[in-house]
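Below is one structure, written out as structure tokens; comments come after it.
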Amino acid sequence: MKIVYGRDQKIKGSLTGDFDKDYAFLEAVFERSGDIVKNPFCIADFCRAAAIYVDGMTDADMVEDFVIRPLLKQKWEEKISGRELLSYIENHVMETVDWKEDETFEDILTDILSGNTLLLLEGCKKAIILSTKKYPSRGVGETQQEMVIRGPKDSFTENMRINTALIRRRIRDPRLKMEHTMTGERSKTDLAIIYMEDLVRPELLEKIREKVKNISFDGIFDGGMVEQLLEENAWSPFPQFQHTERPDKAASGLLEGRIVLAVDNSPGVLILPATYHMFFQAGDDYYTRFEVASFARVLRFAASLFAIGFPGLYVAIAAFHTEMLPASFLLSVAVARTGIVIPVALEVLLMEFQFELLKEAGIHLPGQLGGTIGIVGGLIVGQAAVEAGIVSTIVVIVVSFTAIASFIVPNESFGSVFRLLKFLFIFTAAIWGIYGFLLTFVALLFHLSQLESFGVPYMLPSVCGENLNYDEKKDDYVRYPFAYMLKRPVFTREGRRIRKKEGR
């Protein structure tokens, strides 16, 4: 048989029941594939069989002990073939319960390359696919990005089955549903759509199903690729999905009627829809007293404003509007800039680029060496630049304060947006002064106010909050005590918003 691919890049054809032809076809497909194990054997005088699987992705001991050995030990009293043979082996011989039947070459090959085992039988037009996956993976560890002082420390891994189990462990409700599919034309990556059946909005769920189904891309290797392929506004720098490594945060999102996308090979999940205030919520906000959590959350909002606008505001005032500063402070600025020959804007840009270079170097160098280069490099280069008269001490303070503020935001993808947009504020402030700074800020607010995440306003509750009666969630800029958080957010299904009855 000739290997033929259709326009959709899928192999055409099905099993014929002729063992020689079918086995030869599979051998041709897997030619020069050194990790494919092909094990032909005879289970009786009248029947040949073959077990085919991927070495390293399959539990070989399970195949040997519960499939091949029982078949070889079976004593056949009479000759049987075809469908009768298939049913007899499934029901009376194999010592495993997780199996299915396949007949098309595309489905068979996908199952083999997913870690399952193919059992090909002579005279049968269908083959048995046995679930024998055993992927190499690391165990459940501690989250690296969303650290907490109080609360669970476990995090997602690259194994999707472990990730779904971590969620199921927290929500032991039969209404928690997980729909499994594959995406990626060639990678055929496993993807799970997870939701609470009674809380999710049906129209949102159907929209996500359709979008996932229509993904057409060669390879999907991480949830970040799925995020970029599904987001509604690809040109916005703001994330429209909430990415998290914490199973407790994913479980909390599910109980609010949101949808979780778990992608195999990705040590995190995507939660949708998302609003901007969700990116300021840390994992331990709900495990500490509400006063402490509220103070920390207000601090994060304030830090985000400094992270995005403080350098630009300094450039605008120091270069164009020095009359806005008190006389004593203006004198300090003038003294600090004595001997500095480069403009204020270039001075700030130089130090900001230096910080970004050190950050990238720290990320890509090994653990302790990365932290060392960040600290030592910042101190040495900053001090040397001040002593050489290239930058002033005030600029070093401004850039350092901005850097600290940008790291307070608990979500890395959201915090990275501030680090990017601060350069836009610096450029506009350097050209038009305070007017350019304010115009950029207004343009940013306009963009955020019209941005949506799967039909939900991104700036909720600041936009449309009153019309949607959103204030009853009481978990936005501050966190109320749990006794007052009576309702789920507006993206929960109608009639299912009550999470706690009053007085109980």
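Between R150 and D284 there is no salt bridge, since none of the side-chain N atoms of the basic residue sits less than 4.0 Å from a carboxylate O of the acidic one. Ion pairing between a basic and an acidic side chain is recognised when a charged N comes within 4.0 Å of a carboxylate O; R297 and D475 show such pairing. Ionic pairing of K100 and D111 is present here: one or more N-O contacts between side-chain nitrogen and carboxylate oxygen are shorter than 4.0 angstrom. Between R496 and E256 there is no salt bridge, since no side-chain N of the basic residue sits under 4.0 Å from a carboxylate O of the acidic one. We find that K188 and E106 are joined by a salt bridge, their nearest charged nitrogen and carboxylate oxygen being less than 4.0 Å apart. One finds no salt bridge joining K211 and E206 here, because no Lys/Arg side-chain nitrogen approaches an Asp/Glu carboxylate oxygen to under 4.0 Å. A salt bridge links E146 to K249: one of the charged nitrogens lies within less than 4.0 Å of a carboxylate oxygen. Classification of R201 and E494 as a salt-bridged pair holds, one side-chain N sitting under 4.0 Å from a carboxylate O.
Side chain of S294 to backbone of E291: no donor-acceptor contact under 3.5 angstrom is found. At distances below 3.5 Å, not a single donor-acceptor pair connects side-chain atoms of E452 with backbone N or O atoms of Y458. Not a single donor-acceptor pair under 3.5 Å links the side chain of T58 to the backbone N or O of A60. Of the possible polar contacts, none joining the S87 side chain to the E84 backbone as a donor-acceptor pair under 3.5 Å is found. Judged purely by atom type and a 3.5 angstrom limit, R168 uses its side chain to pair as donor or acceptor with the backbone of L176.
Ring to ring, F241 and F454 are close: their centroids are under 6.0 angstrom apart. The six-membered or imidazole ring of F238 lies away from that of Y276, with a centre-to-centre distance of 6.0 Å or more. Aromatic ring centroids of Y477 and F301 lie under 6.0 Å apart.
In summary, the side chains of E245 and S155 do not present any donor paired with an acceptor at a separation below 3.5 Å, with no hydrogens or angles considered. Under the 3.5 Å distance criterion, with hydrogens and angles disregarded, a donor-acceptor pair is assigned to the side chains of D248 and Y287. In this model, a donor atom of one side chain and an acceptor atom of the other lie less than 3.5 Å apart for D107 and T104. Checking T132 against D59 by side-chain atom types alone, no donor-acceptor pair falls below 3.5 Å. For N411 and S413, the side-chain atoms include at least one donor-acceptor pair closer than 3.5 Å.
The neighbour count for K125 NZ, taken as heavy atoms of other residues, nucleotides or ligands under 6.0 Å away, does not exceed 12. The 12-atom threshold is not exceeded at CZ of F295, counting heavy atoms of other residues, nucleotides or ligands nearer than 6.0 Å. Within a 6.0 Å radius of NZ in K153, more than 12 heavy atoms belonging to other residues, nucleotides or ligands are found.
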Verdict with reasoning, L444 to F425, per side-chain contact (heavy atoms from CB on, under 4.5 Å): CA-CA 10 Å; L444 179 61; F425 277 86; 4.2 Å; yes
Could you walk me through whether F310 and F418 satisfy the ring-ring contact (aromatic ring centres under 6.0 Å, His included) test, starting with their C-alpha distance in whole Å, then the side-chain angles of each, then the deciding distance to 0.1 Å, before giving a yes or no? CA-CA 11 Å; F310 194 30; F418 297 147; over 10 Å; no
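Proximity of E101 to L86: side-chain heavy atoms (C-beta onward) are separated by under 4.5 Å at one or more points. Side-chain atoms of M182 and D190, non-hydrogen and from C-beta on, do get closer than 4.5 Å to each other. Using a 4.5 Å heavy-atom threshold, the side chains of Y23 and I52 count as touching. Within the 4.5 Å cutoff, the side chain of I220 has heavy atoms near those of the F217 side chain. Using a 4.5 Å heavy-atom cutoff, the side chains of R209 and E179 are in contact. You'll find the side chain of F30 reaches within 4.5 Å of the side chain of I112, heavy atoms only. Looking only at side-chain heavy atoms (C-beta outward), T275 and S453 stay at 4.5 Å or farther from each other. Side-chain contact between K12 and F105 is absent, with no heavy-atom pair separated by less than 4.5 Å.
Taking every heavy atom of both residues into account, G415 and V409 meet most closely at N-CG1, 4.1 Å. Here the shortest heavy-atom pairing between I408 and R300 reads CG2-CG, 3.7 Å.
Ring pair F414/F280 is perpendicular by interplanar angle, where above 60° counts as perpendicular and below 30° as parallel.
Considering I208, V269, I194 as possible partners of L261, the one that fulfils the side chain to side chain contact (heavy atoms under 4.5 Å, CB included) test is I208.
A cation-pi arrangement is found for R479 relative to F482, the charged atom lying closer than 6.0 Å to the ring centre and inside a 45° cone about the ring normal.
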